Amino acid sequence: MISSTVDVTQELAAFLRTRRERLDPRDVGLPSSRQARRTPGLRREEVAQLAGISVDYVVRLEQARGLRPSADVVEALARALRLAPDERAYLYGLAQQRPRGADKPATTAAPSLARLVADLAPLPAMLMNHRYDILAWNDDMASLLLDFATLPPPQRNAMWLCLMHPRTRERYVDRERVVREGVAHLRAAWAAHPEDQALTDLITACLDRDEEFARRWAERDVKVNGRGRKTLRHPDAGTITVEFETLTPLQDPDQMLVIYRAADEESQSAMDALHAR
């Protein structure tokens, strides 16, 4: 029977029981007993031993007595039960805790995503993480904005470029709006990833070096803008207006795939000319 709502306490208990029962003691480095076990899987005391918590606590969790385990306990149980990444995330969700390790964004693109970015040509595309680090891009995006390969990796950050890089600063016709939206996104990312020291360092550097960023940051606007329009001032192709769409890969939810499309016929002609080069 499936109810219309989820009783997370009951589901947490059932999930822990099923994960415990599927494990063989040899899977977790425990000696196998000469005596046959009455039930499959690990015993509760063995899970408690592996997780470093009391047997009574494991019993109460599996009996759905209304406990809400801490993030440390959830992580210990996930390790003890050898949970796969998706199962671990599910356990954290049931316990209403934030997964550990969520504040370690990718610094390189997965090969499959890098190939996807390249294959999207002639549409300009790039892949970023939550702090706007640019992880991958195709030639059309480089032609439209900047050849990111000419920059040292620490400077391949969309917000840093918009604020600090002279050519990129001049590229956006409505730069004030671009900065405002970027700051609002970074504030949302900062709240969602409080342990990301690299993100904190980026924000601190922008606050110290750019008055406009500091002013926008103090406004405390929060917004994640997944689609919209930007007008660019290209030195060779003239004014180009693009519509952008931001997609999140299911397997890499920390990353953002940004795709540009021409917003009008004149912009399309200009982008076609850049692609032909």
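Here the structure is a predicted model, which means the values were calculated and not measured.
- Arg68 places a side-chain N or O within donor-acceptor distance of the main-chain N or O of Ala95, the cut-off being under 3.5 Å.
- With hydrogens and angles left out, the side-chain atoms of Glu75 and Tyr92 include a donor and acceptor closer than 3.5 Å.
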Under the side chain to side chain contact (heavy atoms under 4.5 Å, CB included) rule, what do Arg167 and Leu146 come out as? Steps first, then yes or no, please. CA-CA 8 Å; Arg167 285 174 53 192; Leu146 178 69; 3.8 Å; yes
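- Salt-bridge annotation for Glu195 and Arg98: absent, with no side-chain N of the basic residue lying under 4.0 Å from a carboxylate O of the acidic one.
- Using modelled atom types, no side-chain atom of Arg79 and backbone atom of Ala51 make a donor-acceptor pair closer than 3.5 Å.
- In terms of heavy-atom proximity, Tyr260 sits nearest to Lys230 at OH-NZ, 3.6 Å.
- Using cut-offs of 30° and 60° for the angle between ring planes, the His185 and Tyr132 rings count as parallel.
- Taking the side chain as every heavy atom from C-beta outward, Thr168 and Leu145 never approach each other to under 4.5 Å.
- Each of Leu135 and Leu151 belongs to its own hydrophobic cluster when Ile, Leu, Val, Met, Phe, Trp and Tyr are linked at side-chain heavy-atom distances under 4.5 angstrom.
- One hydrophobic cluster, built from ILVMFWY side chains closer than 4.5 Å, cannot hold both Val242 and Leu123; they sit in different ones.
- Using modelled atom types, no side-chain atom of Arg156 and backbone atom of Ile134 make a donor-acceptor pair closer than 3.5 Å.
- Residues Val58 and Glu45 form no side-chain contact, since every pair of their non-hydrogen atoms from C-beta on lies 4.5 Å or further apart.
- Under a 4.0 Å N-O distance rule, the pair Asp196/Arg131 qualifies as a salt bridge.
- For the pair Arg175 and Glu212, the salt-bridge criterion is met [side-chain N within less than 4.0 Å of a carboxylate O].
- Atom CZ of Arg22 has more than 12 heavy atoms from other residues, nucleotides or ligands within 6.0 Å.
- Side-chain atoms of Ser143 and Asp140 include no donor-acceptor pair closer than 3.5 Å.
- Linking ILVMFWY side-chain heavy atoms closer than 4.5 Å, directly or via other members, places Val117 and Phe244 in two distinct hydrophobic clusters.
- With contacts defined as side-chain heavy-atom distances shorter than 4.5 Å, the pair Arg261/Ser267 does not qualify.
- Across Arg44, Arg19, Arg17, a single residue satisfies salt bridge (Lys or Arg N to Asp or Glu O under 4.0 Å) together with Glu62, and that is Arg44.
- Within a 6.0 Å radius of CZ in Arg209, other residues, nucleotides and ligands contribute 12 heavy atoms or fewer.
- A heavy-atom distance below 4.5 Å is found between the side chains of Leu81 and Leu23.
- Under 3.5 Å, the side chains of Asp201 and Gln197 contain a donor-acceptor pair of N or O atoms.
- In terms of modelled atom types and a separation under 3.5 Å, the side chain of Asp252 and the main chain of Gln255 share no donor-acceptor contact.
- Side chain to side chain, Asn129 and Asp254 fail the donor-acceptor criterion of an N or O pair below 3.5 Å.
- Met159 is not listed as a side-chain neighbour of Ile203, based on a closest heavy-atom distance of 4.5 Å or more.
- Linking ILVMFWY side-chain heavy atoms closer than 4.5 Å, directly or via other members, places Val258 and Leu116 in two distinct hydrophobic clusters.
- Counting only heavy atoms from C-beta outward, the side chains of Val47 and Ile53 never approach each other to under 4.5 Å.
- Residues meeting the ring-ring contact (aromatic ring centres under 6.0 Å, His included) test with Phe15, sequence neighbours left out: Tyr90.
- Put simply, Trp217 and Leu199 are part of the same group of oily side chains (I, L, V, M, F, W, Y) that touch within less than 4.5 Å, one to the next.
- Put simply, the side chain of Glu181 does not reach to within 4.5 Å of the side chain of Asp221, judged on heavy atoms.
- With respect to Glu176 and Arg215, no salt bridge is recorded, no charged nitrogen being found less than 4.0 Å from a carboxylate O.
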